[in-house]
Amino acid sequence: MNEHDGLAERFEEQRGQLRALAYRMLGSPSEADDAVQEAWLRLGRIDVQRVDNLAGWLRTVVTRICLDMLRSRRSRQEDLVEQQVLDEVSTPARGTQPENEAVLADSVSNALLVVLDTLSPAERIAFVLHDMFAVPFDQIAPIVERTPVTTKKLASRARRKVQGMPLVSATDLARHRRTVSAFLSAARAGDLNGVLAVLAPDVVRRADPAALAPGAAAEVRGARAVAEGTVALAHRSQLAELALVNGAVGVVVAPQGRLVLAVTFAIENDKIIEYDVIADPARLRNLDLAVLSSDRRE
């Protein structure tokens with residue numbers, strides 16, 4: 001084995017960890033692969049014998065690349081893919097995603113990626129490195145060009161944003177979560193009776209025009225009508241995840257971490273009395289989103 005082959009083998013040992021890191025920082029499998037590939041190219045331009053800790057060096061390089069990409073992303077409009085993503089939501093999943101991308105995408109919830117996108121680049125880097133990969137603050141500080149103390153504050157501020165602040169008690173939050181989870185599970189399964197079971201008789205469903213098929217009513221009243229409309233759009237529910245929306249249990253649809261729909265609920269006595277499907281970009285931008293504690297795909 002020559003020197004190049006040996007270096008390639010050592011790099012491949014780190015690739016999975018580097019992709020996982022880059023994906024959490026960028027929220028895009030393809031961009032994560034680009035960042036990892038750029039790190040490999042940079043590795044080929046240095047004297048590896050002078051690197052004491054190759055894994056640490058690669059992690060730092062990938063992080064710096066991701067930081068540059070995040071800053072570049074912030075400097076331009078990010079709505080260019082909005083219609084493309086909406087089209088993806090409007091049609092059933094076709095299962096064409098390569099297996100390695102599917103595994104990577106499934107490693108972190110899209111709801112978390114949406115919330116991470118609300119952080120500044122430095123906050124995101126500090127939070128991901130420290131809270132997800134246990135990197136000490138004194139190693140993160142030079143990357144984000146802050147002191148260790150300031151870097152710790154960045155991560156703390158990011159953590160508060162990610163966790164959010166529920167507006168109801170822990171008991172009510174758990175009850176509302178069970179109700180919305182049951183609604184979402186039934187909607188995914190196309191289970192009409194399951195949807196009806198968590199709807200109040202006089203439930204109201206409101207929706208932005210962008211979330212509706214042409215000619216569909218913006219407001220629907222009554223459990224049967226609402227449930228039938230929900231089941232008819234079961235394919236959209238496949239991409240939905242629970243999240244904290246404006247301090248309450250809600251749902252987001254965010255393929256590849258790009259928020260295109262959010263649903264807010266009003267719940268009384270464990271029944272949904274109304275819900276609002278939000279798809280207007282201006283309304284989506286004004287939502288306060290966070291990840292539910294112990295969040296998982298329901």
Can you name the closest pair of heavy atoms from [X] and [Y] and give their distance?
| X | Y | value |
| --- | --- | --- |
| I65 | A39 | CD1-N, 3.7 Å |
| L287 | A262 | CD1-CB, 3.5 Å |
| S181 | L242 | CB-CD1, 4.1 Å |
| I125 | T63 | CG2-CG2, 3.5 Å |
| L119 | A158 | CD1-CB, 3.8 Å |
| N246 | N286 | OD1-O, 4.5 Å |

For the side chain of [X] and the backbone of [Y], is there at least one donor-acceptor N/O pair under 3.5 Å apart?
| X | Y | answer |
| --- | --- | --- |
| D280 | D208 | no |
| Q139 | P136 | no |
| S237 | A240 | no |
| R73 | L26 | yes |

Salt-bridge contact [X]-[Y] (side-chain N to carboxylate O under 4.0 Å):
| X | Y | value |
| --- | --- | --- |
| E12 | R15 | yes |
| D131 | R24 | no |
| R19 | D33 | yes |
| R45 | E38 | yes |

What's the separation between atom [atom1] in [X] and atom [atom2] in [Y], rounded to the nearest 0.5 Å?
| X | Y | atom1 | atom2 | answer |
| --- | --- | --- | --- | --- |
| L113 | T118 | CG | OG1 | 11.5 Å |
| I272 | R205 | CD1 | CZ | 13.0 Å |
| L112 | L292 | CG | CG | 12.0 Å |
| L284 | L261 | CG | CG | 7.5 Å |
| L212 | E219 | CG | CD | 11.5 Å |
| W40 | L18 | CH2 | CG | 12.0 Å |

Taking C-beta and beyond as the side chain, do [X] and [Y] meet within less than 4.5 Å on heavy atoms?
| X | Y | result |
| --- | --- | --- |
| V36 | Y23 | no |
| L192 | E228 | yes |
| R224 | L196 | yes |
| I143 | L129 | yes |
| K153 | R146 | no |
| N110 | V252 | no |
| I267 | V249 | no |

Tell me whether the rings of F137 and H130 are parallel (<30°), tilted (30 to 60°) or perpendicular (>60°).
parallel
Tell me yes or no: between the side chains of S30 and S28, is some donor less than 3.5 Å from an acceptor?
yes
State whether a side-chain donor-acceptor pair under 3.5 Å links S156 with R160.
yes
With Y275 as reference, evaluate V204, V226, T264 under the side-chain contact (heavy atoms from CB on, under 4.5 Å) test and give the passing residue.
V226
